[in-house]
Amino acid sequence: MNKPTLLILAAGMASRYGSLKQIDSFGPHGETIIDYSIYDAIKAGFGKVVFIIREEFLEKMREVFDEKLRGKIEVDYAFQSYDLTKFGIDRIIERSKPWGTAHAVMSARDKVNEPFCVINADDFYGTDAFVKMAQFLTTDVADDKMALMGFQVGNTMSDYGYVSRGVCEVDENGHMKSVTERTNIYYTDDDQGNRKIVYEENGVKHDLDPKTRVSMNFWGFTPKIFDVAAGMFQDFVASNADNPKSEFFIPTVPDYMVKRGMADFKVIPTSSKWFGVTYKEDKAMVQQSISALLAEGAYPEKLF
């Protein structure tokens, strides 16, 4: 079997962060968060990395990544755009942002022919996640057997505002029963002043157990996902043509497949503490976390 591919979602404009965080520096020698993910992926056995970006980012991304990755892993780029014709949709719809993370994954269809893993550019997942996913993608994956890395929501929060997470319902065999994108998860205090996690939907707050498994957009797929997503996307666009803020999220596709018996999704558990940069204020925390990992010897001071 071919080595699996790493698909990195890097097309976002980072409106809450305030700058292009995909290439912001966090390590002692200017390393990006993506650098640490790719380092872990190479060690785990991935053979190629595909960056999903906006075409206007291409020159800058190549400047940052191409030379240092040459000879270490194959590199390619896919563009997320507003052009819907390549998905069989013959209409122009005005939007200020693309159609979401599942749409981004679909944009890489012509670049991937082997099992692949999807991650976010601005999330630090840790070595354990890449090792476990690489093992799954080389030994267990099939068109009816895919996976996601299941983080505990309490290990994935920001102190500076709300976050979005795919909240998972898991059966006794460790398989996903459902996954629901919650876009407004945050810390608050209960009546006794104790900190707790809630998500808000239609103005109503719901408690969320800190150990609840959530998707951090760390998925293991086969190219079968492209066919399923394409059909769903046509229906999504038809239903949301007049909603400029609507987004076609990745969890929507696995949830659809599971509920129709098309595939099982293994929820691979990890106790790793995720960290990432949703807000500018998160940067200092990420830098401190990386410094601690370097001090422990988890990574070399200079990655590449």
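Everything numeric in this text was worked out from a predicted model, so none of it was measured.
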Is the ring pair F51/Y77 parallel, tilted or perpendicular, if the boundaries are 30 and 60 degrees? parallel
What class does the angle between the rings of F275 and F124 fall in, given that below 30° is parallel, 30 to 60° is tilted and above 60° is perpendicular? parallel
Let's go through V258 and Y256 carefully: what are the C-alpha distance in whole Å and the side-chain angles of both, what is the deciding distance for side-chain contact (heavy atoms from CB on, under 4.5 Å) to 0.1 Å, and is it a yes or a no? CA-CA 6 Å; V258 167; Y256 176 93; over 6 Å; no
Considering all heavy atoms of both residues, which atom of [X] and which atom of [Y] are nearest to each other, and what is their separation?
X    : Y    : result
P115 : V141 : CG-CG1, 3.7 Å
A263 : D143 : CB-O, 3.9 Å
F304 : K68  : CB-O, 4.0 Å
L148 : S215 : CD1-CB, 3.7 Å
A11  : Q80  : CB-OE1, 3.3 Å
G276 : V286 : O-CG2, 3.6 Å

For [Y], does its backbone N or O pair with a side-chain atom of [X] as donor and acceptor, under 3.5 Å?
X    : Y    : result
T156 : V153 : yes
Y125 : N120 : yes
K48  : K111 : yes
N202 : V204 : no
K43  : Y39  : no
E181 : F248 : no
R213 : T270 : yes
D255 : P251 : no
T212 : L208 : no
E31  : H29  : yes

Can you list the steps and then say if H206 with Y199 is a ring pair (Phe, Tyr, Trp, His ring centres under 6.0 Å)? CA-CA 5 Å; H206 304 268; Y199 71 87; 4.8 Å; yes
Check the hydrophobic clustering (I, L, V, M, F, W, Y; side-chain heavy atoms under 4.5 Å; chains of links allowed) and say if [X] and [Y] are grouped together.
X    : Y    : result
F249 : V118 : no
I34  : V75  : yes
L58  : L69  : yes
F151 : V131 : no
F233 : V179 : yes

Side chains of [X] and [Y]: closer than 4.5 Å at any heavy-atom pair?
X    : Y    : result
M257 : M146 : yes
V170 : M176 : no
W219 : P254 : yes
V253 : I225 : yes
S246 : F236 : yes
S107 : F79  : no
D123 : N217 : no
S164 : I185 : no

Pick out which of F136, F226, F116 makes a ring-ring contact (aromatic ring centres under 6.0 Å, His included) with F221. F116
Rounded to the nearest 0.5 Å, how far does [atom2] of [Y] lie from [atom1] of [X]?
X    : Y    : atom1 : atom2 : result
L137 : E114 : CG    : CD    : 10.5 Å
S158 : E281 : OG    : CD    : 8.0 Å
I250 : M106 : CD1   : CE    : 11.5 Å
I53  : L9   : CD1   : CG    : 12.5 Å
I38  : L303 : CD1   : CG    : 10.0 Å
M61  : I8   : CE    : CD1   : 7.5 Å

Is the [atom1] atom of [X] crowded by more than 12 outside heavy atoms at less than 6.0 Å?
X    : atom1 : answer
D90  : CG    : no
Q135 : CD    : no
D242 : CG    : no
E201 : CD    : yes

Going through the checks in order, is the side-chain hydrogen bond (donor to acceptor under 3.5 Å, both in side chains) test met by D40 and S37? CA-CA 5 Å; D40 282 334; S37 293; over 6 Å; no
A cation-pi test, strictly: NZ or CZ of R62 under 6.0 Å from the centre of the six-membered ring of F65 and no more than 45 degrees from its axis. Yes or no? no
Got a salt bridge between [X] and [Y], using NZ or NE/NH1/NH2 to carboxylate O under 4.0 Å?
X    : Y    : answer
D171 : K177 : no
D66  : R70  : no
D144 : K224 : no
D207 : K196 : yes
K283 : D24  : yes

Centroid-centroid under 6.0 Å between F87 and H103 rings: yes
Centre-to-centre under 6.0 Å for Y36 and F130, is that the case here? no
Run the side-chain contact (heavy atoms from CB on, under 4.5 Å) test on Q152 and V214 for me, step by step, so that the C-alpha distance in whole Å, both residues' side-chain angles and the decisive distance to 0.1 Å come before the verdict. CA-CA 6 Å; Q152 295 180 1; V214 295; over 6 Å; no
For the residue pair R54 and S81, confirm or rule out a side-chain donor-acceptor distance under 3.5 Å. no
Quick one: do M216 and M149 satisfy side-chain contact (heavy atoms from CB on, under 4.5 Å)? Show the steps, please. CA-CA 7 Å; M216 299 302 298; M149 193 59 55; over 6 Å; no
Carefully, step by step, assess Y299 and I290 under the rule side-chain contact (heavy atoms from CB on, under 4.5 Å). CA-CA 9 Å; Y299 296 92; I290 289 174; over 6 Å; no
